[in-house]
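Here the structure comes first, spelled out in structure tokens, and everything after it is commentary.
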Amino acid sequence: MAHPQNLALPVNHRLLLAARPAAIPGPEHFTADSQPARVPAAGEVLLQSVYLSIDPAMRSWMREGTGYQQSIPLGEVMRGGGIARVLESRVEGFVAGDLVQARLGWQTHPTIHGRYLQKLDLALGTAEDWIGPLGLSAVTAYFGLRDIGAMRPNDRVLVSAAAGGVGQIAAQIARIEGCRVAGIAGGTDKCAYVTQQLGAHAVIDYKSEPNLSAAIGRACPDGIDLYFDNVGGATLDAALEHLRQGARVVLCGRISQTHADEPYGVRNLGMLAAARGRMQGFLVFNYHDRYDEARTWLAARRRDGSLQQKLHVLSGLEQAPLGLGMLFRGENTGKLVVRLG
Ligand SMILES: NC(=O)c1ccc[n+]([C@@H]2O[C@H](COP(=O)([O-])OP(=O)(O)OC[C@H]3O[C@@H](n4cnc5c(N)ncnc54)[C@H](OP(=O)(O)O)[C@@H]3O)[C@@H](O)[C@H]2O)c1
């Protein structure tokens, strides 16, 4: 079908994976190109990207080989999820102006098949809510604490990377559910955010603590029932030293190990046995059928004002590679996104 004459095709600006990083990714690993957006075929929509989510997992997709998701071939558009506005639709049920979420890739005007789109329910929240406290980071925190961590009221909960996208929601869910919450974060500003904005009872600035285990002991004087681990490595070992009987350790992420040459050997597994504890990893994608449950709960907490959200917003597609590196340098506070439209 010919493209309607009255609709000029926008230019699609894209960032392609050009090289595989050995350490922290940055602009040198991408090339930019621009071409007319593709006219949607039957069953497709033409989109204008509004927000791109920047996530640590993207670094693993840039590696050669396979992980839990296929590696991105060199020369292809960088993979990533986000929120977009429909410009032109050839899919029943979607019209120009609708806001959707999809795996957009790092491009301004993708053309995508309708089966990969989810229309945003704006009764639940705004586009900013959908990339933030209703987005996948928040949903990860929800299922990690509840299903994997079997969180109970009055649990003593410790959250690492507590000022980040997943961590800020995990700390608040635990607080809302009546737990005593301690956070770990890097730097005074982040630590102030964790106690003053997120309402954690205690916080540890791991960057200024010579002995992390001793600091956890002070922040969690009665020990830990539930450790929500975003960091792995020596932080995990330090937390294991403080487990209470029946403790649960939720392996959400291990960002400290992203660029390690050798896998980290966890030393304190004996503490897990002594506590009759349990340690379990998970991937949020396995909860796909229950995302609505999490979003309904999170949206209600947004409405009643108990759930705060900080978006760390960068502007323009060219900022995305810098943003990805920021995650590994601890330069973001809150959920990191790039705003495009
Ligand atoms: N299991 C799942 O399905 C799933 C889904 C989403 C995310 N995740 C994981 O959840 C974790 C958080 O993801 P996010 O998107 O919310 O990122 P984020 O927490 O917003 O950003 C990453 C943060 O990690 C901290 N960090 C970076 N390098 C570190 C190091 N070497 N040691 C200690 N802390 C370090 C930094 O905070 P500080 O300045 O405080 O150090 C940084 O701001 C990641 O491990 C990610 O892989 C898992």
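As the structure lists them, so they are numbered: ligands from 1, and atoms in each ligand from 1. A quick note: this is a predicted structure, and the numbers were derived from the prediction, not measured.
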I'd like to know whether ligand 1 has Leu283 as a neighbour, heavy-atom separation below 4.0 Å.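 Contact present.
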
Hey, is [X] close enough to [Y] for a salt bridge, meaning N to O under 4.0 Å?
{"X": "Glu209", "Y": "Arg218", "value": "yes"}
{"X": "Arg152", "Y": "Asp225", "value": "no"}
{"X": "Arg290", "Y": "Asp147", "value": "yes"}
{"X": "Arg267", "Y": "Glu241", "value": "no"}

Which of the atoms in ligand 1, numbered in the order shown and given with their element, are less than 4.0 Å from a heavy-atom of [X]?
{"X": "Ala185", "value": "40 (O)"}
{"X": "Arg254", "value": "45 (O)"}
{"X": "Gly164", "value": "18 (P), 19 (O), 20 (O)"}
{"X": "Gly330", "value": "36 (C), 39 (O), 42 (C), 43 (O)"}
{"X": "Val284", "value": "2 (C), 3 (O)"}
{"X": "Gly334", "value": "20 (O)"}
{"X": "Gly253", "value": "9 (C), 45 (O)"}

Side chain, backbone, both or neither: Lys190 near ligand 1, heavy atoms under 4.0 Å: side chain

Per-residue contact class, Tyr206 against ligand 1 - non-hydrogen pairs under 4.0 Å: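 Answer for Tyr206: side chain.
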
What residue and heavy atom of the protein are closest to [atom], and at what distance?
{"atom": "atom 11 (C) of ligand 1", "result": "Asn230 OD1, 3.4 Å"}
{"atom": "atom 5 (C) of ligand 1", "result": "Thr140 OG1, 3.4 Å"}
{"atom": "atom 27 (C) of ligand 1", "result": "Leu327 O, 3.3 Å"}
{"atom": "atom 47 (O) of ligand 1", "result": "Pro56 CB, 3.8 Å"}
{"atom": "atom 48 (C) of ligand 1", "result": "Cys252 O, 3.1 Å"}
{"atom": "atom 28 (N) of ligand 1", "result": "Phe328 O, 3.7 Å"}
{"atom": "atom 43 (O) of ligand 1", "result": "Asn332 OD1, 2.6 Å"}
{"atom": "atom 40 (O) of ligand 1", "result": "Gly186 N, 2.8 Å"}

Got an N/O contact under 3.5 Å between [X] and ligand 1?
{"X": "Gly167", "result": "no"}
{"X": "Gly165", "result": "yes"}
{"X": "Ile184", "result": "no"}

Hey, does the side chain of Asn12 reach the backbone of Gln35 with a donor-acceptor pair shorter than 3.5 angstrom?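 Absent.
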
Taking C-beta and beyond as the side chain, do Pro25 and Met58 meet within less than 4.5 Å on heavy atoms? no

Using a 4.5 Å cut-off on heavy atoms from C-beta on, say whether the side chain of Ile176 contacts that of Trp297.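 Contact flag for Trp297/Ile176 side chains = yes.
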
Under the side-chain contact (heavy atoms from CB on, under 4.5 Å) rule, what do Tyr227 and Ser160 come out as? Steps first, then yes or no, please. CA-CA 8 Å; Tyr227 173 44; Ser160 56; 3.1 Å; yes

Let's go through Leu317 and Leu52 carefully: what are the C-alpha distance in whole Å and the side-chain angles of both, what is the deciding distance for side-chain contact (heavy atoms from CB on, under 4.5 Å) to 0.1 Å, and is it a yes or a no? CA-CA 9 Å; Leu317 183 64; Leu52 299 178; 3.9 Å; yes

Transitive ILVMFWY side-chain link Leu99 to Leu124, under 4.5 Å: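 They do share one cluster, since a chain of ILVMFWY contacts under 4.5 Å joins Leu99 to Leu124.
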
Going through the checks in order, is the side-chain contact (heavy atoms from CB on, under 4.5 Å) test met by Arg301 and Gln172? CA-CA 10 Å; Arg301 304 289 101 62; Gln172 291 182 88; over 6 Å; no

Only heavy atoms count here, so choose which of [options] is nearest to [atom].
{"atom": "atom 16 (O) of ligand 1", "options": "Thr333, Val166, Asp55", "answer": "Val166"}
{"atom": "atom 32 (N) of ligand 1", "options": "Ala141, Gly232, Ser256, Gly281", "answer": "Ser256"}
{"atom": "atom 35 (C) of ligand 1", "options": "Thr235, Ile255, Asp229, Ile24", "answer": "Ile255"}

Give, for atom CG of Asp129 and atom CG of Leu122, the distance between the pair rounded to the nearest 0.5 Å.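 With rounding to 0.5 Å, CG (Asp129) is 9.5 Å from CG (Leu122).
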
Please list, chain by chain and in numerical order, all residues satisfying side-chain hydrogen bond (donor to acceptor under 3.5 Å, both in side chains) with Arg156, sequence neighbours excluded.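 Listed in chain order: nothing, the list is empty.
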
Parallel, tilted or perpendicular: which one describes the rings of Tyr287 and Phe143, with boundaries at 30° and 60°? parallel

